[in-house]
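To start, the structure itself, in structure tokens.
Worth saying up front: this structure is predicted, and the values here are computed from it rather than measured. Here, residue 1 is the first one in the sequence, and each next residue gets the next number.
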Amino acid sequence: MIEICTRLGLALVLSVTLAVLLAWGWDSSDPLPIDSDRIVEAPAAQTPAQ
């Protein structure tokens, strides 16, 4: 009985650890929010003068 509880406890700890690591990685992979006041447009392509 002790062996069963030990295995279940270990499985629970490992699954919770994996869930926390996945959630942390998912959160850190989200792009940073952009302020609407600070949007920078790309400069227009300039054609060389002929």
Distance from Ile4 atom CD1 to Leu8 atom CG, nearest 0.5 Å? 7.5 Å
Test: salt bridge (Lys or Arg N to Asp or Glu O under 4.0 Å). Region: residues 12-26. Which pairs qualify, not counting sequence neighbours? none
Shared hydrophobic cluster, Trp24 / Val16 (ILVMFWY, side-chain heavy atoms < 4.5 Å): no
Which value, rounded to the nearest 0.5 Å, describes the distance between Arg7 atom CZ and Leu10 atom CG? 9.5 Å
